[in-house]
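Computed over heavy atoms, backbone and side chain alike; hydrogens, waters and symmetry mates excluded.
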Amino acid sequence: MNYMREGDILIVYKLDRLGRTTRQLLELVDDLKERNIQFQSLSNGIDATTEQGVSSLRSWLHFRNGS
C-alpha cells in the first residue's frame with residue numbers, strides 16, 4: 001500500500017482480508033486517513049469516506065474484538 005497516493009480509494013472485498021488483528025486494522029485505517037486515502041469494504045458495507053462510515057468501521061472492529 002506504499003504506492004497509494006493522496007486521494008486514492010482502497011477497496012477490499014472483506015475487511016478481515018486486510019488485517020489479522022483489530023489493532024492491525026485500526027493502525028492501517030489510521031495510516032490511510034493520515035495520508036488522505038479513502039477506504040471501503042464491499043461485503044461489510046463500510047464506506048470510510050464518510051463520518052458515518054468511519055463510525056461503522058469502528059463499531060465493526062469493536063464487535064469483532066469481542067468487547
Distance, nearest 0.5 Å, that separates [atom1] of [X] from [atom2] of [Y]:
| X | Y | atom1 | atom2 | value |
| --- | --- | --- | --- | --- |
| E51 | S56 | CD | OG | 11.0 Å |
| E27 | T21 | CD | OG1 | 7.0 Å |
| K33 | L57 | NZ | CG | 10.0 Å |
| N36 | M4 | CG | CE | 11.0 Å |

Exercise for review: Show the numbers, then the answer: is there a side chain to side chain contact (heavy atoms under 4.5 Å, CB included) between T49 and Q40?
Suggested key: CA-CA 7 Å; T49 62; Q40 295 178 350; 4.1 Å; yes
Point to revise | Exercise: identify the closest heavy-atom pair between S43 and K14 | key: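 For S43 and K14, the tightest heavy-atom pair comes out as OG-CG, 3.0 Å.
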Point to revise | Over all atoms of both residues, closest heavy-atom pair of L32 and L10 | key: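 Taking every non-hydrogen atom into account, CD1-CD2, 3.8 Å.
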Review point. Would you say the side chain of R35 lies within less than 4.5 Å of the side chain of E6, judging by non-hydrogen atoms?
Key: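 Sidechains of R35 and E6: no contact.
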Following the transitive rule for hydrophobic clusters with a side-chain heavy-atom cut-off under 4.5 Å over Ile, Leu, Val, Met, Phe, Trp and Tyr, establish whether [X] and [Y] coincide in one cluster.
| X | Y | answer |
| --- | --- | --- |
| I9 | V12 | no |
| V54 | F39 | no |
| L42 | L28 | no |

